[in-house]
Amino acid sequence: QVQLQESGPGLVKPSQPLSLTCTVSGGSFTTDYNYWSWIRQPPGKGLEWMGAVEYNGGSAYYSPSLKSRISISRDTSKNQFTLQVNSVTPVDTAVYYCAIADKLVVTTPWESGSYWGQGTQVTVSS
């Protein structure tokens, strides 16, 4: 059974960087689930796909609205991938999810061909 676990700080001060890590374990996933994504859900809003990195090759893809502030990388030796968000503001307060999928963009946890983590709350506040 494939499992994903997000880790990182729950509270970040405005203008500081945010770094989250997702650890993937269990099952055989590297061939069929090549796109490793980050998705977030601000309070009272829908799920927003932020970007993804390819497990095979390492190419990264970003949402145009976030491209200037985020980066996603992976460490295949640890089966981990990391999200970096620069200069956070309270607008970045959200539950952050990691997911692996057989497609680039995933926006719902119940869509086929994807596995999701439980999510981690990040609050941006001074």
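Below, all heavy atoms of this structure are taken into account, side chains as well, without hydrogens, waters or symmetry copies.
- Among pairs with a residue in residues 82-106, those fulfilling salt bridge (charged side-chain N to carboxylate O under 4.0 Å, His left out) read Arg40-Asp92, Arg69-Asp92, Lys103-Glu111, at least two apart in sequence or across chains.
- Cluster membership check: Trp116 does not share its hydrophobic cluster with Val122, using side-chain heavy-atom separations under 4.5 Å among Ile, Leu, Val, Met, Phe, Trp and Tyr.
- Residue Val124 is grouped with residue Ile70 when hydrophobic side chains (ILVMFWY) are merged at heavy-atom distances under 4.5 angstrom, including chains of intermediate members.
- Within the 4.5 Å cutoff, the side chain of Thr120 has no heavy atoms near those of the Ser7 side chain.
- With hydrophobic clusters built from ILVMFWY side chains whose heavy atoms lie under 4.5 angstrom apart, Val95 does not share a cluster with Leu11.
- Judged purely by atom type and a 3.5 angstrom limit, Asn34 uses its side chain to pair as donor or acceptor with the backbone of Tyr55.
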Should Ser25 and Asn79 be marked as a side chain to side chain contact (heavy atoms under 4.5 Å, CB included) after you check the CA-CA gap, both sets of side-chain angles, and the distance that decides it? CA-CA 7 Å; Ser25 62; Asn79 284 332; over 6 Å; no
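- Summarising the geometry of Ala52 relative to Trp49, their closest heavy-atom pair is N-CZ2, 3.7 Å, with the distance given to 0.1 Å.
- Across all their heavy atoms, Gly8 and Leu20 have their closest contact at CA-CD2, 3.7 Å.
- Ring orientation note: the planes of Trp38 and Phe81 are tilted relative to one another, at an angle of 30° to 60°.
- Checking side-chain atoms of Trp36 against main-chain N and O of Ile72 turns up no donor-acceptor pair under 3.5 Å.
- Side-chain atoms of Gln80 and Asp75 form no donor-acceptor pair, as typed in the model, at a separation below 3.5 Å.
- Under a cut-off of 6.0 angstrom, the local environment of CD in Gln118 is sparse, with at most 12 non-hydrogen atoms contributed by other residues, nucleotides or ligands.
- Distance check, rounded to the nearest 0.5 Å: OG of Ser71 to CG of Leu83 gives 7.5 Å.
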Start with the C-alpha gap between Met50 and Ser63, add the side-chain angles, then the distance that decides, and say whether side chain to side chain contact (heavy atoms under 4.5 Å, CB included) holds. CA-CA 5 Å; Met50 302 178 71; Ser63 168; 5.6 Å; no
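- The line from OG of Ser126 to NZ of Lys13 is 6.5 Å long, rounded to the nearest 0.5 Å.
- Note on Val88 and Tyr62: same hydrophobic cluster, where clusters join Ile, Leu, Val, Met, Phe, Trp and Tyr whose side-chain heavy atoms are under 4.5 Å apart, directly or indirectly.
- Residues Leu47 and Pro109 meet the side-chain proximity criterion, which asks for heavy atoms closer than 4.5 Å.
- Taking OH from Tyr96 and CD from Glu48, the interatomic distance works out to 8.0 Å, rounded to the nearest 0.5 Å.
- The two atoms that bring Val106 and Ala101 nearest to each other are CG1-CB, 3.4 Å, heavy atoms only.
- Looking at every heavy atom in both residues, Leu4 comes nearest to Tyr115 through CD1-CB, 3.7 Å.
- Summarising the geometry, atom CD1 belonging to Ile100 is positioned 10.0 Å from atom OG belonging to Ser37; distances are rounded to the nearest 0.5 Å.
- Atoms CG and OG, from Asn86 and Ser68 in turn, are 9.0 Å apart once rounded to the nearest 0.5 Å.
- The shortest non-hydrogen separation linking Pro42 to Gly46 is CD-O, 3.7 Å.
- Residues Val53 and Tyr35 do not share a hydrophobic cluster, defined by chaining ILVMFWY side chains whose heavy atoms lie under 4.5 Å apart.
- Glu54 contributes atom CD, which lies 8.0 Å from atom CG of Leu104 (distance to the nearest 0.5 angstrom).
- Thr21 and Thr82 make their closest contact through OG1-OG1, 3.5 Å (heavy atoms, listed as atom of the first residue, atom of the second, distance).
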For Val2 and Tyr33, what are the C-alpha separation, side-chain angles and deciding distance, and is it a side chain to side chain contact (heavy atoms under 4.5 Å, CB included)? CA-CA 11 Å; Val2 177; Tyr33 301 94; 5.6 Å; no
